[in-house]
Amino acid sequence: MTPLNLSGSLRRPGSKTGPTKRDFTTPMSTERYNAPEREKHWQHAWETGRIFEASEDESKPKCYVLEMFPYPSGRIHMGHVRNYAMGDVFARYKRTKGFNVLHPMGWDAFGMPAENAAMERKVHPGKWTYANIDTMRGQLKSMGLSLDWSREIATCSPDYYQHQQKLFLDLLNKGIAYRKSSKVNWDPVDHTVLANEQVIDGRGWRSGALVEQRELTQWFFKITDYADELLRDLDTLTNWPEKVRLMQANWIGRSEGMLIRWALDSKTAPKNISELEVYTTRPDTLFGASFLAVAADHPIARAASENNVKLAEFCDECRRMGTSVAEIEAAEKRGFDTGIRATHPFDPNWQLPVYVANFILMDYGTGAIFGCPSGDQRDMDFARRYELPVVPVILPPGEDAATFALKNKAYEDDGVMMNSRFLDGLSTQTAFEEAAMRLEEQILNGKPQGARKVNFRLRDWGISRQRYWGCPIPVVHCADCGVVPVAETDLPITLPEDATFDKPGNPLDRHPTWKHCPCPKCAKPAQRETDTMDTFVDSSWYFVRFTAPKSQKPVDKKAAQYWLPVDQYIGGIEHAILHLLYSRFFARAMSDTGHLSFATNTREPFAALFTQGMVTHETYLSQDGYWLLPTDVRFEGDGSTRKAVEIATGRPAAIGSIEKMSKSKKNLVDPDDIIAHYGADCARWFMLSDSPPERDVIWTEAGVAGAGRFIQRVWRIVDDIAEKYPDASLKRPAEFGADALEVRKAAHRALDQVGRSIEALRFNVAVANVHEFANVLQSALGKGGPDMAYAAREAASFLVTMIGPMMPHLAEECWARLGYNRLLANEPWPSVEAPLLVDDQVTIAVQVNGKRRDELVISRTAKTEDVEAAALKLEPVIRALEGRPVKKVIVVPQRIVNVVG
RNA sequence: GCGGACGUGGUGGAACGGUAGACACACAGGACUUAAAAUCCUGAGUUCGAAAGAGCGUGUGGGUUCGAGUCCCACCGUCCGCACCA
């Protein structure tokens, strides 16, 4: 191992720079801690020591800590700083607790921005991406993260995506990847298809363009085959935020219902169509049915349109209806009577009209419903508009059947069945079962008329993208053989270097030679698939690849079994559905194709998830209406008189709302500037302070400056102690005086609290614990006798240990200053002496009728009667009782006394 | 519309049902300094009071409890997710 240069501390015992006589009660001039300079030193020491490189060490418990890897957009931003600071605190802390920690980093390196850059600046997407990676790697290194850089991966490298192509071939072979023609979301700006998850409010998640519907043949992953498992296993993710689990559950959208086939009256039905299948979750309300409705694209609608011009027009109108929220909300519930009549399943003499309705979705259920106006608001609105019957079938609890009536508000909850013949008097649930049972037994056209069916809202994941900068889909289209997978020996299918980006459309498709190849099966001329994979595929298994990033196979199963699942995953809430659902699916699909098996009884990739809040900042608007960078303004006054002035013009600028840092609002702070000025530790410390990690944090200059002051303060405290008590190998005295004991108690208590806080990812509380301890330690300095030497050095080393995960450079510097010629990064978290955590004397509050009147200092082990007696003697208690007799005294040992009188 | 989260000083926020406001930022006063910065000390929820002390205080209104920021119900407000899902 390379010898470490640990002698770089600012000061050493015997250094000439400080005064020889120290008085700890008065301030003294101390050399300031030069963060930017010392941080480089320690980063170098860690790197040459290769101490963050992980290997499968069976002698220790493993801990896989992962933060969502960044897209190499060019520069890191404050959101990255916060995310990676949090992950690093946890990773470093776990190291001190004896875990074998894997903490890797890589690049989500495929994607549109690189292609946009190619179009705008005529740089190849690969060149642009790798240049960005180099810049950002340097920035991340300057943060002093405990990352294993030997495992770095970039998804745009064939070293990575060739394995993804192998995974694809196996998914294809297993039927999990398949091709179908369907309506897809088309992003007219990015010229590509989007998955449902990637359409937000009717717009593309990246481009913001209004998404159009197009009919295209595309590649899909059969995530719906896993819908049930993905939903069910959410319950096992007890260390995930409740919110994320709920969002995924809603997105998967499981509903239990029935498929019911309705016989169509042959006199009215289109040729060769004798029945209509609907999906319903409420077979119990069948007697409240007053119409059936189908989507405009439903085969019955199409058939009926053939000789009905008006109906055809109506269907066209429905198809043209926009997909944006505004349009959907504005659209009224409208329908068109096809003239077709259907027979009620429980009454051959009851016929219902079949409408085409604009609110029925072809791709949910069967694209057809029966409408029960009394039990569904949407059906109610429709019925009122077309004057269809409204028959109440559910009597709400507490209502009288004789008087119960519905106006224009449907009753959608449970109750007791009414107007429902054989179902009358049953509960909603029993009626469901009864109706379902009868429909299952009833035969229509040789088959049971009803079948129970679980339905999901989740759709299959469309992964085809008509773009260049993505993982090529390894198949060939042959005129004779159809879709033929590329032979594994021919992988990787790499992207051509000489693509052009001067016009919109798919550069792979228009490349003169790339797509031409012989058919792998028959060797005749054929064409490669020119679509590439959605970049979310890349990020769906990168955490697996990190466990053996240089493996010749996609996954080294032994390494994956050792490391997976990820013990703590940290990232943004914005991936609650997309990335986190896809990754959960992929873990299962990879295990079903034999690539992955977990050591424990789970198929979940991320055992614990934490979603951190965003970084926000004030916004500044110039008089001319353009946004200003924080560095473009200076401030005058404070509090309510605080005003911003545009530096360049000297004119006042408006201080706007606090918002997420964004390029468009220019409320940005560059991490490089902060690190160069205050140091990485300062940026990290501030990011961890004050705001709970799951909430947004407001970046303020004052806050950073405060963090910077605290760094100097820690340095001074440690420096003072090292100066006064330079002996690093002191023996523990047998006895401690009161002052030393107090310091020791504070130190052990703080160590305990900080450890617990970090363990629970409550970094703001950990920071407060450290502050509190620093206050105690500082005010205790200078007191005490010879026993203080040990206590103070112990306290100082505890202080250094507990800031270690959060401000690792400062901690190393302090550690060296204390004279330990070792890297703190390799030191264990000290063990707490439990007896020091409990006090002999406790202060307990004394209440009278629940109101605090005084407090009592009493032995921790005092008997209840003694506590009660002492409390009743207190003068404020007697006064508060105002002579009333004491009815009862509640004593909670070591906590509180409540006198009831 | 449906689902969910959250409402605590000037600010960010602490608080196993048990002394609300820890800790920090900002502020004010003082010490040091020729001065500033830095540092150190002190103060501070609010009302009344010179003080001791007392009243009121965790969005609003109820409830459970010896005791509620915390649990339950209703309402108001803010934010987030989904959105014709049958």
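Closest to the side chain of A:Trp251, from the set B:A86, B:C82, B:U19, is B:C82. Considering only the side chain of A:Arg716, B:C40 comes nearest among B:A26, B:C40, B:A86. Side-chain proximity of A:Arg709 to B:U19, B:A54, B:A26: nearest is B:A26.
A donor-acceptor pair is defined here as one N or O able to donate and one able to accept, closer than 3.5 Å; no such pair exists between the side chain of A:Glu277 and the backbone of A:Arg261. Here the side chain of A:Gln198 pairs no donor or acceptor atom with the backbone of A:Gly204 at under 3.5 angstrom. Formation of a donor-acceptor pair under 3.5 Å by the A:Arg860 side chain with backbone atoms of A:Asp839 is found in this model. Of the possible donor and acceptor atoms, one in the side chain of A:Arg245 sits under 3.5 Å from a partner among the backbone N and O of A:Leu234. Without hydrogens or angle criteria, A:Gln377 side chain to A:Ala410 main chain gives a donor-acceptor distance under 3.5 Å. Without hydrogens or angle criteria, A:Glu868 side chain to A:Val899 main chain gives no donor-acceptor distance under 3.5 Å.
Per the geometry, CD belonging to A:Glu659 stands 12 Å off P belonging to B:C79, to the nearest Å. The CD atom of A:Gln248 sits 14 Å away from the C1' atom of B:C82 (whole-angstrom rounding). When the C1' atom of B:C85 is taken as reference, atom CD1 of A:Ile252 falls 15 Å away, rounded to whole Å. Atom-to-atom, CD of A:Glu875 to P of B:A52 comes out at 15 Å; the value is rounded to the nearest Å. Straight-line distance from the CG atom of A:Asp720 to the C1' atom of B:U39: 12 Å, rounded to whole Å. Rounded to whole Å, the distance from CG on A:Leu286 to C1' on B:A86 is 13 Å. Rounded to whole Å, the distance from CH2 on A:Trp685 to P on B:C25 is 12 Å. At whole-Å resolution of the value, NZ in A:Lys851 and C1' in B:A20 are 12 Å apart.
Here A:Arg459 lies out of heavy-atom contact (under 4.0 Å) with every strand. At the heavy-atom level, A:Arg334 lies nowhere under 4.0 Å from the strands shown. Residue contacts for A:Thr843: at a heavy-atom cut-off of 4.0 Å it reaches a base atom on one of the strands shown. Residue-level contact check: A:Asn849 touches neither bases nor backbone, having no heavy atom under 4.0 Å from any strand. Within the nucleic acid shown, A:Gln847 comes within 4.0 Å of at least one base atom, counting heavy atoms only. Residue A:Ile360 is classed as a base contact, given a heavy-atom separation below 4.0 Å to a base.
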**Audit row: A:Tyr678, A:Phe686, ring pair (Phe, Tyr, Trp, His ring centres under 6.0 Å) steps and yes/no** = CA-CA 11 Å; A:Tyr678 291 101; A:Phe686 175 58; 9.5 Å; no
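By the 30° and 60° cut-offs, the orientation of the rings of A:Tyr33 relative to A:Trp715 is tilted. In this structure, A:Phe710 and A:His771 have perpendicular ring planes: the angle between them is above 60°, well past the 30° mark. Between A:His579 and A:His575, the angle of the ring planes goes over 60°, which puts this pair in the perpendicular group of the 30/60° scheme.
OP1 or OP2 of B:C40 sits under 4.0 Å from a side-chain N or O of A:Gln778. Taking side-chain N and O atoms only, A:Arg378 has a distance below 4.0 Å to OP1 or OP2 of B:C85. For the OP1/OP2 pair of B:A86 and a distance below 4.0 Å, the side-chain nitrogens and oxygens of A:Tyr364 include at least one atom meeting the criterion. Within the 4.0 Å cut-off from OP1 or OP2 of B:A22, not a single side-chain nitrogen or oxygen of A:Asn775 is found. Taking side-chain N and O atoms only, A:Arg713 has no distance below 4.0 Å to OP1 or OP2 of B:A38.
Rounded to a whole angstrom, the distance from the C1' atom of B:C84 to that of B:G69 is 41 Å. Using P as the reference atom, B:C85 and B:C80 are 23 Å apart when rounded to the nearest Å. Straight-line distance between the P atoms of B:U19 and B:C79: roughly 34 Å, to the nearest whole Å. Nucleotides B:C82 and B:C73 have their P atoms positioned 27 Å apart, rounded to a whole Å. Taking atom P on both B:G67 and B:U78, the two are 35 Å apart, rounded to the nearest angstrom. Look at the C1' atom in both B:C6 and B:C66: the space between them is 30 Å, to the nearest Å. If you take atom P in B:G62 and the same atom in B:A54, they sit 26 Å apart, rounded to whole Å. Distance noted for atom C1' between B:U42 and B:A35: 24 Å (whole Å).
Here the two rings, on A:Phe773 and A:Phe798, have centers that are 6.0 Å apart or farther. Not less than 6.0 angstrom separates the ring centroid of A:Tyr386 from the ring centroid of A:Phe291.
Listed by first residue number, the stems of RNA chain B with at least three Watson-Crick or G-U pairs below 3.5 Å are B:1-7 with B:76-82, B:10-12 with B:23-25, B:27-31 with B:39-43, B:45-48 with B:53-56, B:59-63 with B:71-75.
Along RNA chain B, the nucleotide nearest to A:Val199 and the one nearest to A:Val767 differ in position, and the one closer to the 5' end is contacted by A:Val767. Residues A:Met247 and A:Asp376 both approach RNA chain B. Their nearest nucleotides, taken by heavy-atom distance, put A:Met247 toward the 5′ side.
Between the side chain of A:Lys888 and the base of B:C66, no donor-acceptor pair of N or O atoms lies under 3.5 Å.
The number of heavy-atom neighbours closer than 6.0 Å to CD of A:Glu256, taken from other residues, nucleotides and ligands shown, is 12 or below.
Shown here, B:G69 is classed anti by the O4'-C1'-N9-C4 or O4'-C1'-N1-C2 angle, which is more than 90° from 0.
Side-chain N/O atoms of A:Gln429 and A:Asp414 include a donor and acceptor closer than 3.5 Å.
A salt bridge is absent between A:Arg756 and A:Glu759; no separation between the charged side-chain nitrogens and carboxylate oxygens falls under 4.0 Å.
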Please write out each protein N/O paired with an N/O of nucleotides 45-49 of chain B under 3.5 Å, distance rounded to 0.1 Å.
none

**Fill in**
A correct 5'-to-3' footprint of nucleotides 1-16 of chain B, with B, S and - meaning base, sugar-phosphate only and no protein heavy atom under 4.0 Å, is --SS-------BSSSB
